[in-house]
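This structure is a prediction, so every number in the text was calculated from the model and none was measured.
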Amino acid sequence: MAGNSQRRNRRTSNKKGAQVGSGGKRRRSLEGKGPTPPASARKGHVKNRVANAQARQAASRRPAPRRGGAKGTAELVVGRNPVFEALRDGVPATNLYVQQFIDSDERVRAALQLASERGDINLMEAPRPELDRMTNGLNHQGLVLQVPPYDYAHPEDLAAAAFDEGEDPLIVALDGVTDPRNLGAVVRSVCAFGGHGVVVPERRAAGMTAGAWKTSAGTAARTPVARATNLTRTLESYQKAGLTVVGLAADGELELQDVAALDGPVVIVIGSEGKGLSRLVGETCDVRVRIPMPGGAESLNAGVAAGVVLWEAARRRG
């Protein structure tokens, strides 16, 4: 009898199912889920809602990522008059190098005063051989101003900024314009008539040099300039975004006053004074227009032509 009882006890102890002290739970259920997460990580907890709200606010304060364009190259302005005029006209600068034991005159004193008043230009004293090396032997007259690389916008930025403001983009693109002073004049006209920026090609075209800054009379600080790797493809992308591409040409099929597109989203393309629009750019334009010139002049330089067309566009939009 004792042997039978022991066999029954062994069978009982090997039974599957809940065991004494398990609270009715199987072993896997008793293993738990690890340490309790902090309140800020528990869904539905008030601290979790606060943490999520703070994260959303931080994200909204972050600046939107710039698509960005290419940077220009650093530039040196040399000579007493050029340096003084660049500082007077607000050309951006990082360092003003002054020759040791310089024979100071009125221009040197005025340049030093302007640089000091700006507050963001480092005044550096350097021996003459060092300035000769920096300028490759140019006649620097003891003053050298370092201009930082220009931070070009991306062409898409110009139209996007206008649309974000609820406005129809008004953009000027330059095709083959190589004189920085013409670029500066166009920038000045775009700013004056409420345009949204200027596009220039990366190659064989003027860039935002100190000369362009000076001609813009300070408006370059408020008017973005974008660089296009390929101007034709940039114009095509503008067309896909809903902008009309209007090219200026002496043999244009319409006169300026007959172009209805100027009161909507538009890109005005201006070629060089001598050659006009290049073939591919001219073929990409939706319409080519001419500026009436009863005086008989064959052409206008880019700065003047831009001013005329932008005035007409501003008049219609106003």
Side-chain angles (χ1 to χ4, degrees), residues 63 66 68-153 174 177-192 197-198 200-227 272-273 301-303:
R66 271 184 62 84
K71 275 188 174 290
T73 56
E75 183 185 0
L76 296 177
V77 179
V78 302
R80 299 186 181 191
N81 274 337
V83 166
F84 166 73
E85 291 171 359
L87 291 169
R88 180 195 62 193
D89 296 334
V91 174
T94 52
N95 299 310
L96 174 60
Y97 295 92
V98 184
Q99 181 182 311
Q100 288 177 341
F101 314 115
I102 189 172
D103 182 17
S104 182
D105 62 10
E106 184 178 348
R107 292 167 297 171
V108 172
R109 291 191 293 271
L112 291 172
Q113 181 178 352
L114 287 171
S116 299
E117 290 173 351
R118 290 262 291 264
D120 57 351
I121 300 176
N122 299 315
L123 296 177
M124 315 283 286
E125 192 175 47
R128 182 182 181 91
E130 177 64 15
L131 297 184
D132 291 341
R133 184 194 63 78
M134 288 175 57
T135 61
N136 291 323
L138 293 177
N139 184 22
H140 51 73
Q141 299 176 306
L143 288 184
V144 178
L145 185 69
Q146 188 171 41
V147 178
Y150 182 78
D151 190 10
Y152 290 95
L174 301 181
V177 175
T178 57
D179 188 341
R181 293 171 297 182
N182 268 333
L183 172 57
V186 170
V187 170
R188 188 173 183 177
S189 293
V190 168
C191 182
V198 180
V200 297
E202 281 189 7
R203 293 185 290 258
R204 295 184 292 277
M208 283 304 298
T209 63
W213 269 94
K214 286 172 59 179
T215 310
S216 77
T219 58
R222 305 188 297 275
T223 304
V225 177
R227 251 184 176 173
S272 65
E273 186 174 351
N301 68 35

K.L.:
Would you name the heavy atoms of Val91 and Ala210 that are closest together and state the gap between them?
P.N.:
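Smallest heavy-atom distance, with atoms named: CG2-O, 3.9 Å.
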K.L.:
Just checking Glu117: does its CD atom have more than 12 heavy atoms from other residues, nucleotides or ligands closer to it than 6.0 angstrom?
P.N.:
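Buried by this count: over 12 neighbours within 6.0 Å.
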K.L.:
Provide the closest heavy-atom pair for Pro180 versus Thr209 in the form atom of the first, atom of the second, distance.
P.N.:
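For Pro180 versus Thr209, the nearest heavy atoms are CB-OG1, 3.4 Å.
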K.L.:
Looking at Ala185 and Gly303, what are the two nearest heavy atoms and their distance?
P.N.:
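Of all heavy-atom pairs spanning Ala185 and Gly303, the closest is CB-CA, 4.0 Å.
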K.L.:
Apply the side-chain contact (heavy atoms from CB on, under 4.5 Å) test between Leu145 and each candidate in Leu76, Val78, Leu87; give the one that qualifies.
P.N.:
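Of all the options given, the one that passes is Leu87.
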K.L.:
Quick one, Arg227 and Val200 - any side-chain contact, counting heavy atoms below 4.5 Å?
P.N.:
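SC-SC contact between Arg227 and Val200 confirmed.
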K.L.:
Find out whether Asp89 and Trp213 are in side-chain contact, i.e. whether some heavy atom of one side chain is under 4.5 Å from a heavy atom of the other.
P.N.:
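Result no, sub-4.5 Å side-chain heavy-atom pair not found.
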K.L.:
Is atom CZ of Arg204 surrounded by more than 12 heavy atoms (other residues, nucleotides or ligands) closer than 6.0 Å?
P.N.:
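Not more than 12 within 6.0 Å, no.
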K.L.:
For the atom pair CG (Leu131) and CE (Met124), what is the distance rounded to the nearest 0.5 Å?
P.N.:
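That separation rounds to 11.0 Å.
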K.L.:
Which pair of heavy atoms, one from Val187 and one from Ser216, lies closest together, and at what distance?
P.N.:
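So the two residues come closest at CG1-CB, 4.2 Å.
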K.L.:
Which pairs pass side-chain hydrogen bond (donor to acceptor under 3.5 Å, both in side chains) with one or both residues in residues 119-140, sequence neighbours excluded?
P.N.:
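Pairs touching residues 119-140 that pass the test: Asn95-Asn122, Gln99-Arg128, Glu130-Arg133, Asp132-His140.
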K.L.:
Within the side chain of Arg181, is there an N or O that forms a donor-acceptor pair under 3.5 Å with the backbone of Thr215?
P.N.:
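Side chain of Arg181 to backbone of Thr215, a donor-acceptor pair under 3.5 Å: no, none is there.
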K.L.:
Evaluate the side chain to side chain contact (heavy atoms under 4.5 Å, CB included) criterion for residues Leu96 and Leu112: first the C-alpha distance (whole Å), next the side-chain angles of each, then the deciding distance (0.1 Å), finally the verdict.
P.N.:
CA-CA 8 Å; Leu96 174 60; Leu112 291 172; 4.0 Å; yes
K.L.:
Evaluate whether atom CZ of Arg80 has more than 12 neighbouring non-hydrogen atoms of other residues, nucleotides or ligands under 6.0 angstrom away.
P.N.:
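Correct, the count exceeds 12.
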K.L.:
Does Arg107 have more than 12 heavy atoms from other residues, nucleotides or ligands lying within 6.0 Å of its CZ?
P.N.:
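Yes, the 6.0 Å shell around CZ holds more than 12 heavy atoms from other groups.
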K.L.:
Of Thr223, Val198, Val186, which is the lone residue that meets side-chain contact (heavy atoms from CB on, under 4.5 Å) with Cys191?
P.N.:
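Between Cys191 and the candidates, side-chain contact (heavy atoms from CB on, under 4.5 Å) is satisfied uniquely by Thr223.
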K.L.:
CD of Gln146 to CD1 of Ile121: how many Å apart, nearest 0.5 Å?
P.N.:
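If we round to the nearest 0.5 Å, Gln146:CD and Ile121:CD1 are 11.0 Å apart.
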K.L.:
With sequence neighbours excluded, what pairs up with Ala226 under the side-chain contact (heavy atoms from CB on, under 4.5 Å) test?
P.N.:
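Once residues adjacent in sequence are excluded, the partners of Ala226 under the side-chain contact (heavy atoms from CB on, under 4.5 Å) criterion are Ala153, Pro155, Leu158, Val199.
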K.L.:
So, for Pro148 and Pro92, which heavy atoms are closest and what is the spacing to 0.1 Å?
P.N.:
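Minimum heavy-atom contact is CD-O, 3.5 Å.
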K.L.:
Okay, side chain of Tyr152, backbone of Met208: is any donor-acceptor separation there less than 3.5 Å?
P.N.:
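Between the backbone of Met208 and the side chain of Tyr152 there is a qualifying donor-acceptor contact (under 3.5 Å).
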K.L.:
Testing the basics here: between Ser116 and Leu123, what is the closest heavy-atom pair and its distance to 0.1 Å?
P.N.:
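Closest approach of Ser116 to Leu123: OG-CD1, 3.7 Å.
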K.L.:
Which salt bridge (Lys or Arg N to Asp or Glu O under 4.0 Å) pairs, counting each pair once, include a residue from residues 92-101, with sequence neighbours left out?
P.N.:
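Residue pairs with at least one partner in residues 92-101: there are none.
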